[in-house]
Protein chains: 2
Amino acid sequence: MGMCIVNPTSQIGDRKVTSLSDGVAAPENARARPTMRHVAALAGVGVKTVSRVINGEPNVSAATIAKVTAAARTLDYQPDLHAGNLRRADGRTRTIGLLVGSVDNPFSGAVHRAVEDAALARGVAVFASSLDDDPAREQEAVSAFLRRRVDGLILTTISESQAYLAPELRRGTPVVFVDREPAGVASDTVVSDNLEGAAVATRHLLERGHRRLAYLGDRAEIRTAQARRRGFLDELGLAGIATRDIPVIENLHDIETARLAALALLERDDPPTAIFSAQNLVTIGVLHALRESGLQHAIALVGFDDVPLADLLEPGVTVVAQNPQEIGRIAAERVFARLDGDAGPAVRTVVPTRLIERGSGEIPPRERG
Amino acid sequence: MGMCIVNPTSQIGDRKVTSLSDGVAAPENARARPTMRHVAALAGVGVKTVSRVINGEPNVSAATIAKVTAAARTLDYQPDLHAGNLRRADGRTRTIGLLVGSVDNPFSGAVHRAVEDAALARGVAVFASSLDDDPAREQEAVSAFLRRRVDGLILTTISESQAYLAPELRRGTPVVFVDREPAGVASDTVVSDNLEGAAVATRHLLERGHRRLAYLGDRAEIRTAQARRRGFLDELGLAGIATRDIPVIENLHDIETARLAALALLERDDPPTAIFSAQNLVTIGVLHALRESGLQHAIALVGFDDVPLADLLEPGVTVVAQNPQEIGRIAAERVFARLDGDAGPAVRTVVPTRLIERGSGEIPPRERG
DNA sequence: CTAAGGCTTGACATCGTTGTCATGAGACGA
DNA sequence: TCGTCTCATGACAACGATGTCAAGCCTTAG
């Protein structure tokens with residue numbers, strides 16, 4: 001074990017060295033993963049010299065660089081980033097953790113893509129996980145990220161408090177909250193203007209004469225959903241509409257529950273003339289329900305968050321669009337600014353929303369009855 | 001430096017031990033990340049005992065477990081997975097690398113989600129990267145994964161040959177190719193039945209009487225795109241249609257280029273009566289062009305790969321749907337089977353496609369002129 | 001000719017953890 | 001009472017890399 005034998009033919013350099021061997025030739029088809037010591041032995045230099053060459057450090061002769069490079073290529077050597085990190089001064093893994101709603105939700109995908117683009121430019125890899133609005137998953141994902149020593153976190157959260165992150169924040173790990181604001185800790189946050197966006201959507205319907213509106217939204221415990229609901233209700237209040245009779249249907253977490261809720265709503269004796277759907281999957285569920293009821297041209301709809309192909313539907317779907325690319329871009333920018341030494345107070349960035357009129361939100365109210 | 005001072009008040013256990021200190025008290029608000037040695041010192045036990053408790057190894061007394069657990073909680077200790085891996089026998093990082101077309105493409109998102117679900121069940125984290133059909137990005141992503149010592153790879157590829165992976169495969173790293181078959185190496189592969197799917201789409205149009213068809217597809221160098229094109233052309237040949245006059249427009253890589261190509265096609269003197277769009281973004285581009293030309297009810301369309309909200313459009317979009325969830329699920333299953341010791345020959349899994357008739361593919365041919 | 005300085009290079013300790021092994025305490029049967 | 005066994009525990013080396021430091025060589029200036 002670990003026995004050293006002289007094997008002058010197995011080196012690239014010109015000096016005689018002992019080569020690494022277990023005394024048994026490894027079969028060609030199951031070579032072990034080479035380490036720096038293997039490269040050093042093959043090149044006939046010390047491991048530190050290999051380290052210097054691999055990391056492009058100065059003060060290595062051209063001849064040595066050539067020998068080491070050749071040996072590394074011959075062995076298909078890949079440095080072990082984590083072993084290096086253990087000793088390296090900055091201790092950076094060049095890895096960040098990203099927790100989004102679900103990697104197959106278009107909003108999340110756009111955020112993810114923007115984060116990835118920023119990370120790629122800095123040679124940083126991205127762990128991506130789906131939250132699925134499950135508090136346990138949030139904690140597990142964060143824990144999994146931290147055990148892998150990510151340099152920073154970009155998190156969409158669902159649990160009641162993120163106070164469990166306080167020790168990590170004290171250690172200086174950058175954490176940026178996206179889409180939803182944290183509770184119990186202060187850290188950089190990037191969110192859409194949910195309150196104002198919902199108000200804009202609601203005003204849009206009110207201005208077209210609608211008085212019987214309905215709200216369909218996500219889980220009530222999500223602060224983002226609460227803000228959208230409040231924006232909706234506040235605006236009704238400003239318009240002097242009694243919110244007592246306004247249907248506010250919450251806890252719709254996927255297309256199917258939203259569709260069923262919308263169908264039930266449309267079958268009431270006194271259905272609304274306009275619907276505000278406060279999340280992209282909810283909007284899609286409502287679209288299905290309207291279509292099934294043949295009411296897509298009769299009942300107005302404004303959705304919060306854009307929906308794929310919304311412009312190709314008939315009528316086009318009017319939405320208050322978020323800007324997930326921008327959210328992701330800014331979140332990544334915050335993480336990297338912190339890693340670059342920015343020690344200022346927590347920054348809260350509000351990304352504006354944009355009303356996109358496509359038809360469904362411009363349907364006038366029908367007469368009652 | 002590294003000086004040890006006795007600090008009997010800073011421990012949870014009952015034995016006197018030297019605590020870790022630099023001789024200077026760290027400020028409360030910038031505590032360094034605790035290691036096992038810190039936990040051991042606080043608990044008044046040896047590091048190996050902490051290791052045993054953290055890893056749930058047997059033969060530790062209940063009292064010791066309690067002390068160590070308390071100390072770990074007090075310090076908010078998180079074990080460093082990579083440091084452990086360095087020494088651990090199996091050397092697994094419990095991490096895999098996933099390379100998809102783009103994390104914001106719905107097909108990729110669905111694959112990603114399925115892989116994540118399988119990985120989560122095993123406590124494995126997923127690095128996700130976007131290929132963007134860029135050969136350089138493929139190599140960089142793979143290299144970034146390997147430097148981080150992922151246990152396995154699930155790859156969508158674009159470069160001409162994946163022979164560069166041969167040494168890694170010899171080392172036993174599981175590699176599964178998804179969506180596109182590799183060249184130059186043999187390894188597990190999970191793909192849709194592109195040839196047959198395209199043939200089904202084409203037959204569907206032929207059976208409805210179309211003779212003037214057109215093909216709009218992705219980059220010609222992508223083998224998957226080649227297979228779809230061949231499926232289309234072969235089927236025309238079988239039907240006795242001269243393929244010389246059939247428009248075959250390739251290298252459409254995003255919605256906008258596809259839209260422009262389709263618009264140009266529709267403005268020809270002799271436009272097709274039916275279109276086969278061979279990729280999801282191309283289908284969306286074609287849908288825009290048809291809509292802009294007011295021809296969505298006049299020209300038949302069958303797309304390869306499903307499109308979000310395809311069922312809500314008018315007409316609904318007929319597609320040959322792939323099954324990205326299944327592709328992702330099987331790919332993950334292959335990786336984990338290999339990690340569990342499956343040393344059998346490379347497996348090629350073909351996931352069937354499914355024709356979904358929604359209206360656009362059932363439009364009959366218009367009379368010429 | 002010699003001292004000083006710069007350039008190359010490698011030995012060694014170290015990062016945070018786990019595998020190996022030895023040690024000591026207590027239980028148990030003869 | 002005494003070995004023998006099991007259990008609980010910690011010292012130490014090792015994993016693959018990098019930081020530190022000293023040594024050797026070669027220039028160059030005095």
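So you know, we letter chains A, B, ... as the sequences are listed, proteins then strands, and number each from 1.
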Identify, with sequence neighbours excluded, every residue that meets salt bridge (Lys or Arg N to Asp or Glu O under 4.0 Å) alongside B/Arg52. none
If a pair satisfies ring pair (Phe, Tyr, Trp, His ring centres under 6.0 Å) and one of its residues is in residues 61-94 of chain B, list it, with sequence neighbours excluded. A/His82-B/His82
If every non-hydrogen atom of A/Leu75 is compared with every non-hydrogen atom of A/Pro34, which pair is closest and at what distance? O-CG, 3.3 Å
Name all residues meeting the salt bridge (Lys or Arg N to Asp or Glu O under 4.0 Å) criterion together with B/Asp151; count only those two or more places apart in sequence or in a different chain, and write none if there are none. none
Compute the bend angle of the helix from C/dC1-D/dG30 to C/dA30-D/dT1 from the end axes (five pairs per end), rounded to 10°. 50°
If the sugar-phosphate is the primed atoms plus P, OP1 and OP2 and the base is the rest, what is the B/S/- string for nucleotides 17-27 of chain C, using protein heavy atoms under 4.0 Å? BBBB-------
According to salt bridge (Lys or Arg N to Asp or Glu O under 4.0 Å), who are the partners of B/Asp90, at least two apart in sequence or on a separate chain? none
If you look only at pairs with a residue in residues 113-131 of chain A, which of them pass as a salt bridge (charged side-chain N to carboxylate O under 4.0 Å, His left out), with sequence neighbours excluded? A/Arg113-A/Asp117, A/Arg113-B/Asp132, A/Glu116-B/Arg137, A/Asp117-B/Arg137, A/Arg122-A/Asp340
Pairs in or reaching into residues 71-81 of chain A: which pass salt bridge (charged side-chain N to carboxylate O under 4.0 Å, His left out), with residues at least two apart or in two chains? A/Asp76-B/Arg171, A/Asp80-B/Arg149
Heteroatom pairs (N/O) under 3.5 angstrom, protein to nucleotides 5-8 of chain C:
| from | atom 1 | to | atom 2 | distance (Å) |
| --- | --- | --- | --- | --- |
| C/dT8 | OP2 | A/Asn59 | OD1 | 3.3 |

Hits for ring pair (Phe, Tyr, Trp, His ring centres under 6.0 Å) against A/Phe127, two or more places apart or cross-chain, chain-then-number order -> B/Phe127
Extract all donor-acceptor atom pairs below 3.5 Å that involve side chains of residues 57-64 of chain A and protein atoms in other chains or at least two apart in sequence.
| from | atom 1 | to | atom 2 | distance (Å) |
| --- | --- | --- | --- | --- |
| A/Ser61 | OG | A/Thr64 | N | 3.2 |
| A/Ser61 | OG | A/Thr64 | OG1 | 2.7 |

Starting at atom CZ of A/Arg33, determine the distance to atom P of D/dC15, rounded to an integer number of angstrom. 16 Å
List for me each residue that meets salt bridge (Lys or Arg N to Asp or Glu O under 4.0 Å) alongside B/Arg87, sequence neighbours excluded, and say none if there are none. none
